[in-house]
Participant: 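The structure is given below, and queries will be raised subsequently.
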Amino acid sequence: MKLYSTQHESADVDLQEAIFRGLPPDNGLYMPYEIPAMPASFFESIHTLSLPEIAKAVCKNLLGDDLTDSEIDGIIDSSMTFEAPVVSLEENVGVLELFHGPSMAFKDFGARFMAAIMSHYLVKAKREIRILVATSGDTGGAVAQGFYNTPGISVTILYPTGKVSDIQEKQLTTLGGNVTALEIDGTFDDCQRLVKQAFLDEELRAAFNLASANSINIARLIPQSFYYFAAYAVLRRQGVTKPVVFSVPSGNFGNLSAGLMAYQMGLPIQAFVAACNANHPVPDYLASGNYNPKPSVETISNAMDVGAPSNFIRMRLLAGDAIEQVRKIVKGYDTSDEKTKEIMLDVYQRTGYVMCPHTAVAYDGLTQYALDNPGEYYGVLLSTAHYAKFLPTVESTLGTKVVVPARLAALLDKQKKSIPMGTDFEGFKKYLLL
């Protein structure tokens, strides 16, 4: 796989360099020149394939020039060890549950795949690296779990103080070992800015082999495309033949970009709903044609509190670049906190299904899409995290206690270990160089 920078001012790279560099020197994002379509035979038999089998087929189609079939098999076997079921919610609406991995968030797919593929290259080259990652909630826990005690890799996670849930914070601050958490006195956008500046700093790059585990890294997007194919396979097994619409809770837009990669590989999708909270620069862009990122604001769907999504350029390019093309496949809607709570309660009272706030935003996005686009199709909500990770919000909204999985409940009694830090880059850089 050959990749270019979206700024077009840095040299092209191969897959290995793109994974370990994370960001090109020109501050763009790496994009593959070619995303080959899956063969027709793959879609004819997709209903017979498991998620790991789908992942292997997609990887071999994408990365066959970079890795052998046996290397791909090993990476998938070690990383894709959990399922992504589609649970029927109501007529023509299902929930793609992406929280059955170790950290109970969708980012387990990307983090575990990335850890496996990085480890593969590091073992071959006998190298060590330092991962830097910013999180608005779930990325930190997934990266901490995915890379914990991985030989040759140390992990530094930046998160905004007071802006992640208690369980999310415990997931990224209680492991120790090769995982360090920096509690930044600012927003997710501040955390992301510090990470980006670090990758562009020549002194830091000379001192460390730096790599990123955010969705700015192309190795995060590739495995996230797997579950779009897998959801389609589940629907076909269930006898669903209608066109499919995916409603994606969107913050940094890596998840939706991964869906567009699947779309580019031939997955038949009618539309993607970019479902946003009060941070909605992409729905605004789709409405006006002008992209104006803004400072993020705090909401109850905190993992989506991103005012300047890093993957906007990838989303735009994968959807066709020109605004007219993007609008054909991506539809944008936003939802208030008040409406989010109304949906969580309504769905629970009608169906007994407990949603996290992000899933409720996706539900509302699909509802708004249905009003604008009447017709026959099957809507799939991406449920990106287990509801118990947002316990105070969920229980106060539903007016009842909910079941907390044992592995999350156990975290609540653990002592967090984090290093407080401001938002100035020089202070962050000084810490890294200690």
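We're numbering straight along the sequence, starting at 1. Here the structure is a predicted model, which means the values were calculated and not measured.
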Participant: Under 4.5 Å between any side-chain heavy atoms of V282 and P309, yes or no?
Facilitator: yes
Participant: For D26, does its backbone N or O pair with a side-chain atom of S10 as donor and acceptor, under 3.5 Å?
Facilitator: yes
Participant: Should the pair K2-D14 be classified as a salt bridge under the 4.0 Å nitrogen-to-oxygen rule?
Facilitator: no
Participant: Checking E90 against Y353 for the side-chain hydrogen bond (donor to acceptor under 3.5 Å, both in side chains) test, could you report, in this order, the C-alpha distance in whole Å, the side-chain angles of both residues, the deciding distance, and whether it holds?
Facilitator: CA-CA 10 Å; E90 55 196 39; Y353 191 86; over 6 Å; no
Participant: I need the minimum non-hydrogen distance between G152 and L122, along with the two atoms involved.
Facilitator: O-CD1, 4.2 Å
Participant: Measuring from atom CG of D424 to atom NZ of K430, what distance do you get when rounded to the nearest 0.5 angstrom?
Facilitator: 10.5 Å
Participant: Taking the six-membered ring for Trp, are F312 and Y285 closer than 6.0 Å centroid to centroid?
Facilitator: yes
Participant: Is the F109 to F226 ring centre distance short of 6.0 Å?
Facilitator: no
Participant: Hey, is the main chain of F147 close enough, under 3.5 Å, to the side chain of N178 for a donor-acceptor pair?
Facilitator: yes
Participant: Let me see the working for L132 and L210 under side-chain contact (heavy atoms from CB on, under 4.5 Å), right down to the final yes or no.
Facilitator: CA-CA 7 Å; L132 293 182; L210 294 178; 4.0 Å; yes
Participant: For F113 versus C59, what's the shortest heavy-atom pair and its separation?
Facilitator: CE1-SG, 3.8 Å
Participant: Under the 3.5 angstrom rule, does the side chain of Q171 hit a backbone N or O of A142 as a donor-acceptor pair?
Facilitator: no
Participant: Identify the two heavy atoms, one from S225 and one from I222, that lie closest to each other, and give their separation to 0.1 Å.
Facilitator: OG-O, 2.6 Å
Participant: How long is the span from the NE2 atom in H100 to the CG atom in D108, to the nearest 0.5 Å?
Facilitator: 11.5 Å
Participant: Does a sphere of radius 6.0 Å around NZ in K417 hold more than 12 heavy atoms from other residues, nucleotides or ligands, not counting ones at 6.0 Å or beyond?
Facilitator: no
Participant: Do you know which two heavy atoms are closest between V402 and L398, and how far apart they sit?
Facilitator: CG1-CD1, 4.2 Å
Participant: Is any NZ, NE, NH1 or NH2 atom of the basic residue among D201 and R205 found under 4.0 Å from an Asp or Glu carboxylate oxygen of the other?
Facilitator: no
Participant: Go through the structure and list residues passing side chain to side chain contact (heavy atoms under 4.5 Å, CB included) with A230, not counting sequence neighbours.
Facilitator: L51, I54
Participant: Compare every heavy atom of A388 with every heavy atom of P405, then report the nearest pair and how far apart it is.
Facilitator: CD-CB, 3.7 Å
Participant: Apply the salt bridge (charged side-chain N to carboxylate O under 4.0 Å, His left out) test between D321 and each candidate in R316, K328, R314; give the one that qualifies.
Facilitator: R316
Participant: Given the rule in the side-chain contact (heavy atoms from CB on, under 4.5 Å) test, do V155 and V143 qualify, once you have shown the distances and angles that lead to the verdict?
Facilitator: CA-CA 8 Å; V155 181; V143 169; 3.8 Å; yes
Participant: Say you draw a straight line from CE of M1 to CE of M31; how long is it, rounded to the nearest 0.5 Å?
Facilitator: 10.0 Å
Participant: With no hydrogens and no angle check, is any side-chain donor or acceptor of N92 less than 3.5 Å from a backbone partner on Y378?
Facilitator: no
Participant: If you measure only the distance, is there a donor-acceptor pair under 3.5 Å linking the side chains of Q270 and Y369?
Facilitator: yes
Participant: Does D364 use its side chain to pair, donor to acceptor, with the backbone of V361 at less than 3.5 Å?
Facilitator: no
Participant: What about Y333 and H280, are their ring centers closer than 6.0 Å?
Facilitator: no
Participant: Using side-chain hydrogen bond (donor to acceptor under 3.5 Å, both in side chains), reason through T139 and K107 one step at a time and then give a plain yes or no.
Facilitator: CA-CA 6 Å; T139 294; K107 295 178 181 180; 2.7 Å; yes
Participant: Using modelled atom types only, decide if a donor and an acceptor are shared between the side chain of S250 and the backbone of V248 within a distance under 3.5 Å.
Facilitator: yes
Participant: Report yes or no: is the cationic atom of R127 (NZ for Lys, CZ for Arg) closer than 6.0 Å to the six-membered ring centre of F20, at no more than 45° off its axis?
Facilitator: yes
Participant: Please check if the number of heavy atoms outside K429 that lie under 6.0 Å from its NZ is greater than 12.
Facilitator: yes
Participant: Got a sec, which pairs hit salt bridge (Lys or Arg N to Asp or Glu O under 4.0 Å) with one end in residues 288-309, sequence neighbours left out?
Facilitator: none
Participant: Would you say the ring centers of Y387 and Y348 fall short of 6.0 Å from each other?
Facilitator: no
Participant: side-chain contact (heavy atoms from CB on, under 4.5 Å), that's the test. Do M265 and F229 meet it? Break it down for me.
Facilitator: CA-CA 10 Å; M265 287 185 267; F229 289 103; 3.9 Å; yes
Participant: How many angstroms lie between atom CZ of F188 and atom NZ of K163, to the nearest 0.5 angstrom?
Facilitator: 13.0 Å
Participant: Picking from Y263, F246, F106, what satisfies ring pair (Phe, Tyr, Trp, His ring centres under 6.0 Å) with Y228?
Facilitator: F246
Participant: Is there a side-chain contact (heavy atoms from CB on, under 4.5 Å) between Q7 and L29 once you walk through the steps?
Facilitator: CA-CA 7 Å; Q7 292 282 50; L29 292 176; over 6 Å; no
Participant: Is it true that a side-chain atom of K331 and a backbone atom of R327 form a donor plus acceptor pair closer than 3.5 Å?
Facilitator: yes
Participant: Under 3.5 Å, side chain of Q192 to main-chain N/O of V306, donor-acceptor pair present?
Facilitator: no
Participant: Count the heavy atoms of every other residue, nucleotide or ligand shown that sit under 6.0 Å from CG of N373, and state whether that count exceeds 12.
Facilitator: yes
Participant: Between D185 and T423, which heavy-atom pair has the shortest distance, and what is it?
Facilitator: O-CG2, 3.3 Å
Participant: So do the side chains of L286 and V330 get within less than 4.5 Å of each other, counting heavy atoms only?
Facilitator: yes
Participant: Using 0.5 Å steps for rounding, measure from the OH atom of Y33 to the CG atom of L3.
Facilitator: 9.0 Å
Participant: For side-chain hydrogen bond (donor to acceptor under 3.5 Å, both in side chains), just list the numbers for Y227 and N255, CA-CA rounded to whole Å, side-chain angles, deciding distance to a tenth of an Å, and then say yes or no.
Facilitator: CA-CA 10 Å; Y227 48 71; N255 208 350; 2.6 Å; yes
Participant: What is the distance from atom NE2 of H386 to atom CZ of R407, rounded to the nearest 0.5 Å?
Facilitator: 8.5 Å
Participant: Could you walk me through whether R112 and S78 pass side-chain hydrogen bond (donor to acceptor under 3.5 Å, both in side chains), step by step?
Facilitator: CA-CA 8 Å; R112 287 175 63 83; S78 67; over 6 Å; no
Participant: With no hydrogens and no angle check, is any side-chain donor or acceptor of R350 less than 3.5 Å from a backbone partner on L345?
Facilitator: no
Participant: Counting C-beta onward and ignoring hydrogens, is there a side-chain heavy-atom pair between L89 and V95 closer than 4.5 Å?
Facilitator: yes
Participant: Between R236 and I46, is there a donor-acceptor pair closer than 3.5 Å when you use the side chain of the first and the backbone of the second?
Facilitator: no
Participant: What residue among T335, N279, N277 forms side-chain hydrogen bond (donor to acceptor under 3.5 Å, both in side chains) with T299?
Facilitator: N277
Participant: Taking atom types as modelled and ignoring hydrogens, do the side chains of D190 and T187 form a donor-acceptor contact shorter than 3.5 angstrom?
Facilitator: yes
